[in-house]
Each structure stands twice: as C-alpha cells, then as structure tokens.
Amino acid sequence: MEASFYHAKTRYPGIFGWIFTTDHKRVGLLYLFSTLSFFAVGVSLGLTMRLELIRSGMHFYSAQTYNAIFTLHGVIMIFLFIIPGIPSSLGNFIMPLQIGARDVAFPKINILSWGLFIMGGAIAVTSLFTGGGPPDTGWTFYVPYSIRTGTNISLAVFGVFLIGLSSTLTGMNFLTTIHRLRAPGMTWKRMTLFTWSIYATSWIQLLATPVLAITLLLIIIERNFGVGFFDPAKGGDPILFEHMFWIYSHPAVYIMILPAMGTVTDIIPVFTRRNIFGYSFIAASSLAIAFVGYLVWGHHMFTSGMSDTARIIFSLLTFIVAVPSGIKVFNWIASLYKGSIRMNAPLLYTLAFIFLFSIGGLTGLVQGALATAVHVHGTYFIVGHFHYVMFGGAGFGFFAGLHYWFPKITGKLYEEHLAKLACFFLFIGFNMLYFSMFVLGWEGMPRRYYDYLPRFNGPNLVATIGSWILAMGLIIMFYNLIHSLFAGNKAGDNPWEAASLEWQTTSPPPVENFATQPVVTKGPYEFR
Amino acid sequence: MEENASHHVATKTFVFVWIALLCLTGLTIKAAQMQMGEWSMVANIAIASVKASLVLWFFMHLKYEKRLFKLLLFVPIMTISIIIVLTFFDIWYR
C-alpha cells in the first residue's frame, strides 16, 4: 500500500513542500486552512457588531469604526470565505478523486490560484492600515460613495481583483479537469452530483468573474484619473455600476450555494442507503441555476432608479430561478423518503441545510416580488435573508461536507456526539440570530445603521444572544475536528460505506490518488 | 494533434476579410455622423459584433474547429448578449 500524501516525499522540505506543492489535495488543504482562518476573523467581527447592536445607543466603538467593520465583515466573508470555501478547498481535494483523476489538469495554475488568493487577501487586509484608513463602503463598493470617500478603496478593490483572478483560474482548471481527466468508464451520468455542481460553478467563475474585474478596475480608474464612467456630470451613469457589479455578484451567489447543494446531494444517498431521486434533474438543475442566475441581477436594484420595464422583467426572471432550486429541494426530500436513515453528523448538518436554505429561498421570493421588495429593501429583512442563504445554505453545506469528508481527508474519525451537539448549538443560535432580523426588517429597521430606535431593542437582544450560542456551536465543532485530527480513532478507507470513487482509495489518499487506474462500471450512488 | 494541424486558407480569403473589416470601420465612422440617437448604440454594437465574428471565424480559425469548441464559445457569447440586452431594458425605458 502506498504512503498517504502527507508522508510522501515532496520536492521542497517542510512548509515549502506545502506552499510550492502541485498536489491538488495539498492545495485544497491550503485553501481550507486559509479560508477557515479568514472565517474566524469574519465571525469575530460579526460578533463585535452584534455586541455593539445589543441595545440602542453607542457602546463600544464609533459609527465610522462600525462602517469599517461591517465592510470588512462582508468582504472577508464573501470574497475570502464563502466564494472559495467549498469549490477551492473541498472541490480541490475531492473532485479529482471523484472522477478518478490523478490531479487537476493544470497543477501549477492551481497553486498559482492559491498564491493569488493569499496575495489578494493580504492586500485587502493591508488596505485597513494604510492610506486614508479602512474602507467604509460595504462590500458592494457602490458609487458615487466609493469614488468620493477618502478611505483606502483603491487598494482594497485591487485585492478583490486578484482574488477574482484566482477564482477565474480555478474555474478554468476545474472545467478542463472534468472534461479531460475522467477515469475510463466515468461517463457524465456516472459523475457524482457534487462534481456536477462544481462543473456548473466553474462555468460561472470563468464567465462572470471577469465582469467584476472590469468593474473594479473602472473604480480605480475613476478614483485616480477622474474619468467619469459613473459620474452623471461627465456623462456617466451611477446605476451602470450597480448593473455591472451585480452582473457578477448575483451569479456569485450561485458560486457560493451550488457547491453546497452538490455536497448535500452526495451526502443524502450515503446516509439513506438508497440511490438519489432524480439524478438527471438535479444535474440539469445545477446547469439551469448557473444559466438563469446570469439573468436576474436586476432584483438587487429594484429601488435604485432603474426603469419600470426592467424591474418587471427582472422580477419575472427571478421567479424562474426558484424553479431549479425547488427541483433540488423536492428531490432531496424524495431521496430521504423510505430510506434506511443513518442519523450521523453529516446528515444532521444536511437536514439543517435543507431547512435553513428553504427559509432563505422562500424569503427571497418576498424580495423577488416588486411590491414587497420595495417595502423590505434596505432593511434587516434582507440581512436575515442572505444570511439564511449564505450561512444557513452555503455555510451549513460546507460544515456538512467537512464532516462527511473529514475521514477521507485526515484518515481519522471525529466524536460523533460532539459533532451533533455542535450542530444543535449552531442551529438554535443561527435561528435566534437571523430570524430576529426578519422581524426587525419587517418592522422597518434599516440595515447598515450604527444605531436604532429603542423600539427595536427586543429582537436585537435576542439576535445578540443567538450570536453567542452560534459562536459556542462553532467552537465545539472546530474543537472536535481539530482534536480528532490529532487524537481521533482511525477511520478506515470507507467508514460511511459510500459507493463513489473517492472512497475507493485509501484514507488519506496516496500522492496520485489511486494505486491503480480505476475503471468505473456503475453510478456513484449504487450501493447494491 | 489533429486540431493543431494548419489549414491551408487561400490568401485572397484573408484579403477579402481584411477589406471587409476596413469597410466596416468606415461604416462605424459613417454611423457616428448620422445622428441616430439611441439607435447609434445598436448600430455600433452590431458593426463591432460582425467585425469580431469575422476575426474569430477566419483569422482565428474558428471555422475549422470542432463543433464542441464552437459550442463552448457560442454559449458564453449568447449569455453575454442576453446580459447586454437586459441592461438596455433599463437604459432605454428609464
């Protein structure tokens, strides 16, 4: 039996064996470590914001600091955690194993992507301490404020530009890998639905991210050279910025959620011991979401001054994107029906995902409808909604995947009861924190404000207490995983008795994944 | 690899395409002088699209590629086109 990739001889010694690696598994772990570090920072910032908002009035820091902190929270969570979260870490580690490849198509570009990601992150962090001080625009960098503010926007935007380039390269790499490096017998219909979701995600990364890159460069040009792309006085159009920003950033929502959907789709059959219900429909719905996701960006701009015709068209298109998402949810439920359910931690996180994502999705329709969108736009209702989708969806999907593939990645088992306890804390804390925001938003509390009227005190207190419970859940979860990494029992190669290809090699896998070239003769969810 | 094999294309084809590109450039200048209002944008994008297509099709040898590659290029171009059209639903009706 070959040694695992952890113990294999590398070209460079020690830490350089990681930083200059071309092994997709090591790159995946580099991403995992980096994104989780950024996540820890993002969570800490979020907790301080909730602490500041525990009651009306000023408590710990000034309004300007608050603006900088929510901007940083958003930029870190979106660009440095959720977007690379599943595709770049779990996708990098697991996807080549699932298709029976020895590595990704362009291993050197893979490590370059990670390097660009880290450089972008470092530049974004540097922007906090240099120039005119921390950016205070929110993660959306809306003009005209981002053009006029004296804070250090140009550097932060350039950091995000590099992160975008990293994301584009990863997308191209994965697309090529899935097209060219599948093992013999690995037909498109024998691929796991996680790989399908990575495939759809990669198309979005490849095609949408350059639009963001252009938009960010236009900000830098306008700030530094006074060219009036977005300035009406010079013939520009500020709403054009919102169009260009959301042409990327709405599809980016699907970069975040599609891999999470793929993850839970892989988990459900394993823990119900039956084939997935509606394989083709789930695969096709990933592609449909990726495509329709390009056409709905205008729903972020219903109150921006866009034309009525455009608002009606975007509202209609937004309802269409709910259809493939609904197909997935119903297929997951149908797959659970009459299954021999094993209630292990990955399935528990998956069930939490389905519940929270459904609430996130349905409240999305409230905002997709023009009349109600005008009422709730710019309120905490939106904040509640996108946290349900992004954290309840992408975040819980990520946690589910982390628990599901932990034995494959590390060769160790974690404490099952601690994992379940953490999930319980996370679920309770999450709902206290973010459901309160729906209530606050519906009652009219505006988002992004440093202070609020005393009548909003009650739900804000509940939300802040919820944030502590949520943090407790995260601490238990990461304690469990890190402790098990060193002291966990040996997992064996296939502890969940899964049928997909990544479980048919050793845990952890050897350097080029399989001792002999695997030949695929059946689907990924056929257990008998 | 077979797709890298050079295809012999008659020089006169390239010359014709070049002349067509020059004519289209002239047309762009003419269109700019015609004061077509909102339609000048449509005219400009249409002419630029034809020019880009000629370059892709003949100079970059897309004509001789496999159907899969044509499809892989066609889908993103269609997506971007739809995105541009949707943006104009705002700008034209504002």
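Heavy-atom basis, side chains included; hydrogens, waters and symmetry copies ignored. Computed from a predicted structure; not experimentally measured.
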Legend entry - Rounded distance [0.5 Å steps], CZ in A:Phe161 versus CG in A:Leu216: 8.0 Å
Inset, instruction - Nearest 0.5 Å please: distance from the OG atom of A:Ser88 over to the CD1 atom of A:Ile83. - result: 10.0 Å
Legend entry - Inter-chain contacts: residues 81-94 of chain B against chain A, heavy atoms under 4.5 Å: B:Ile82, B:Ile83, B:Leu86, B:Thr87, B:Phe89, B:Asp90, B:Tyr93, B:Arg94
Inset, instruction - Hey, can you tell me if A:Trp246 and A:His300 have their rings parallel, tilted or perpendicular (30° and 60° cut-offs)? - result: parallel
Legend entry - Check: B:Ser49 side chain, B:Ile45 main-chain N or O, donor-acceptor pair, under 3.5 Å: yes
Inset, instruction - Look at the aromatic rings of B:Phe14 and B:Phe59 and report parallel, tilted or perpendicular, splitting at 30° and 60°. - result: tilted
Inset, instruction - Examine B:Trp57 together with B:Tyr64 and report whether their ring centres are nearer than 6.0 Å. - result: no
Legend entry - Contact class of A:Leu206 relative to chain B, heavy atoms under 4.5 angstrom: neither
Inset, instruction - Give a yes or no answer on whether the side chain of A:Ser146 reaches the backbone of A:Phe141 with a donor-acceptor pair at less than 3.5 Å. - result: yes
Inset, instruction - Please state whether the side chain, the backbone, both or neither of A:Ile313 comes within less than 4.5 Å of a heavy atom of chain B. - result: side chain
